[in-house]
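Reviewing the structure listed below.
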Amino acid sequence: MATIDFEFRNQIIQNDIGSTLAYCYQCATCSGACPVAQVTQGRYNPRRLILDALLGLKERMFGPEHSFDIWGCTVCDTCDEVCPQKVELTEIFTILKNMSVERGEAPEYYTAQASTILEFGKAIPMQSAIERRRDQLGLPKILAPDAKEVQKILKLTKLPEKLPKKEE
Ligand code: SF4
Ligand code: SF4
């Protein structure tokens with residue numbers, strides 16, 4: 001049986017946005033509207049995630065075997081729009097995702113993208129083939145971001161410390 005972790009529950013509820021968790025009355029409108037719940041036939045379930053967070057059932061949400069429960073959300077915001085209780089689901093899921101990153105459990109596709117932004121200042125670095133094609137099409141050059149400025153900001157968020165270290 002899952003144990004209630006009150007400290008974890010309070011961590012979410014004490015947050016301004018997280019406190020909206022308490023308004024949930026489990027109507028499941030969010031799950032009915034969620035596109036990820038539909039394509040995964042309920043394997044991803046925002047209503048259940050909200051319930052587990054509300055009850056402080058931390059062990060049902062974290063750990064590699066539960067990775068999809070947190071990271072399955074595509075942040076489309078549909079659930080926020082349909083929730084009759086104005087629960088800030090997407091923001092609550094962001095709190096959970098941040099906790100997952102702190103625990104070193106963020107999926108590789110996510111940390112790899114974050115590392116690319118840290119290195120190049122953008123998620124998809126420019127490639128010479130794309131530049132050549134743009135030239136052929138007469139499209140203007142895309143200015144490269146100032147990667148050092150981006151790195152400065154990301155260092156303030158402590159992102160580099162949270163990303164897995166690259167193997168030498
Ligand atoms: S739609 Fe809102 S109130 Fe209904 S289950 Fe989802 S979060 Fe709870
Ligand atoms: S924001 Fe996430 S949980 Fe909400 S409807 Fe979109 S995919 Fe589903």
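Please read all numbers here as calculations on a predicted model, not as lab measurements. Remember, it's 1-based here, ligands and their atoms both numbered in the order they're listed.
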(message) Quick check on contacts: which atoms of ligand 1 are under 4.0 angstrom from a heavy atom of P84?
(response) 1 (S)
(message) So, applying side chain to side chain contact (heavy atoms under 4.5 Å, CB included) with E88, which one of T20, I95, D16, T94 is it?
(response) T20
(message) Using 30° and 60° as the class boundaries, would you call the ring planes of Y110 and W71 parallel, tilted or perpendicular?
(response) tilted
(message) Quick test: of every protein heavy atom, which one is nearest to atom 6 (Fe) of ligand 2, and how far off is it to 0.1 Å?
(response) C76 SG, 2.3 Å
(request) Output the list of atoms in ligand 2 that are nearer than 4.0 Å to some heavy atom of F93, sorted by atom number. (result) 3 (S)
(message) Give the atom numbers and elements of ligand 2 that come within less than 4.0 Å of a heavy atom of D77.
(response) 1 (S), 6 (Fe)
(request) Specify the protein heavy atom at minimum distance from atom 1 (S) of ligand 1: its residue, its atom name, and the distance to 0.1 Å. (result) C30 N, 3.3 Å
(request) Report, in ascending order of atom number, the atoms of ligand 2 lying under 4.0 Å from any heavy atom of T78. (result) 5 (S)
(request) May I ask you to decide whether D135 forms a salt bridge with K141, counting only side-chain N to carboxylate O separations under 4.0 Å? (result) yes
(request) Kindly compute the distance separating CZ (F93) from CG (D80), expressed to the nearest 0.5 Å. (result) 8.5 Å
(request) Please work out whether any backbone atom (N, CA, C, O) or any side-chain heavy atom from C-beta onward of P46 is under 4.0 Å from ligand 1, and answer side chain, backbone, both or neither. (result) neither
(request) Under 4.0 Å, heavy atoms only, figure out whether ligand 2 is touched by the backbone of T74, its side chain, both or neither. (result) both
(request) State plainly whether the residues E149 and K152 are in salt-bridge range, i.e. N to O under 4.0 Å. (result) yes
(message) At less than 4.0 angstrom from any non-hydrogen atom of V36, what atoms of ligand 2 do you find?
(response) 7 (S)
(message) Working note: I50 + Q85, criterion side chain to side chain contact (heavy atoms under 4.5 Å, CB included); need CA distance, chi angles, decisive distance, verdict.
(response) CA-CA 13 Å; I50 288 292; Q85 289 295 89; over 6 Å; no
(request) List every atom of ligand 1 that sits less than 4.0 Å from any heavy atom of T29, numbering the atoms from 1 in the order shown and giving each element. (result) 1 (S)
(request) State whether C24 contributes an N/O/S atom found under 2.8 Å from atom 2 (Fe) of ligand 1. (result) no
(request) To the nearest 0.5 angstrom, please state how far the CG atom of L137 sits from the CZ atom of R132. (result) 12.5 Å
(message) side chain to side chain contact (heavy atoms under 4.5 Å, CB included), that's the test. Do F120 and V150 meet it? Break it down for me.
(response) CA-CA 8 Å; F120 300 102; V150 176; over 6 Å; no
(message) I want to check something: taking the side chain as every heavy atom from C-beta on, are R103 and F62 in contact at a cut-off of under 4.5 Å?
(response) yes
(request) Can you sort out which atoms of ligand 1 are near A28, meaning under 4.0 Å from one of its heavy atoms? (result) 4 (Fe), 5 (S)
(message) Give me the residue, atom name and distance of the protein heavy atom closest to atom 4 (Fe) of ligand 1.
(response) C27 SG, 2.3 Å
(request) Indicate, as side chain, backbone, both or neither, the part of D80 found under 4.0 angstrom from ligand 2 when only non-hydrogen atoms are considered. (result) neither
(message) Yes or no: does C79 have any heavy atom under 4.0 Å from an atom of ligand 1?
(response) no
(request) Find all atoms of ligand 1 within a distance of less than 4.0 Å from any non-hydrogen atom belonging to R47, and give their numbers and elements. (result) 5 (S)
(request) Note the single closest protein heavy atom to atom 3 (S) of ligand 2, along with its residue, its atom name and the distance in Å. (result) Y44 OH, 3.4 Å
(request) May I ask you to decide if R47's main-chain N or O and S31's side chain share a donor-acceptor pair within less than 3.5 Å? (result) yes
(request) Find all atoms of ligand 1 within a distance of less than 4.0 Å from any non-hydrogen atom belonging to Q26, and give their numbers and elements. (result) 5 (S), 8 (Fe)
(message) Quick test: of every protein heavy atom, which one is nearest to atom 8 (Fe) of ligand 2, and how far off is it to 0.1 Å?
(response) C34 SG, 2.4 Å
(message) Give me the nearest non-hydrogen protein atom to atom 2 (Fe) of ligand 2 as residue plus atom name, then the distance to 0.1 Å.
(response) C73 SG, 2.4 Å
(request) Kindly say whether L96 contributes a backbone atom to a donor-acceptor pair with the side chain of S100 at under 3.5 angstrom? (result) no
(request) Side-chain contact test, heavy atoms from C-beta onward, threshold under 4.5 Å: evaluate it for K97 versus E102 and give yes or no. (result) no
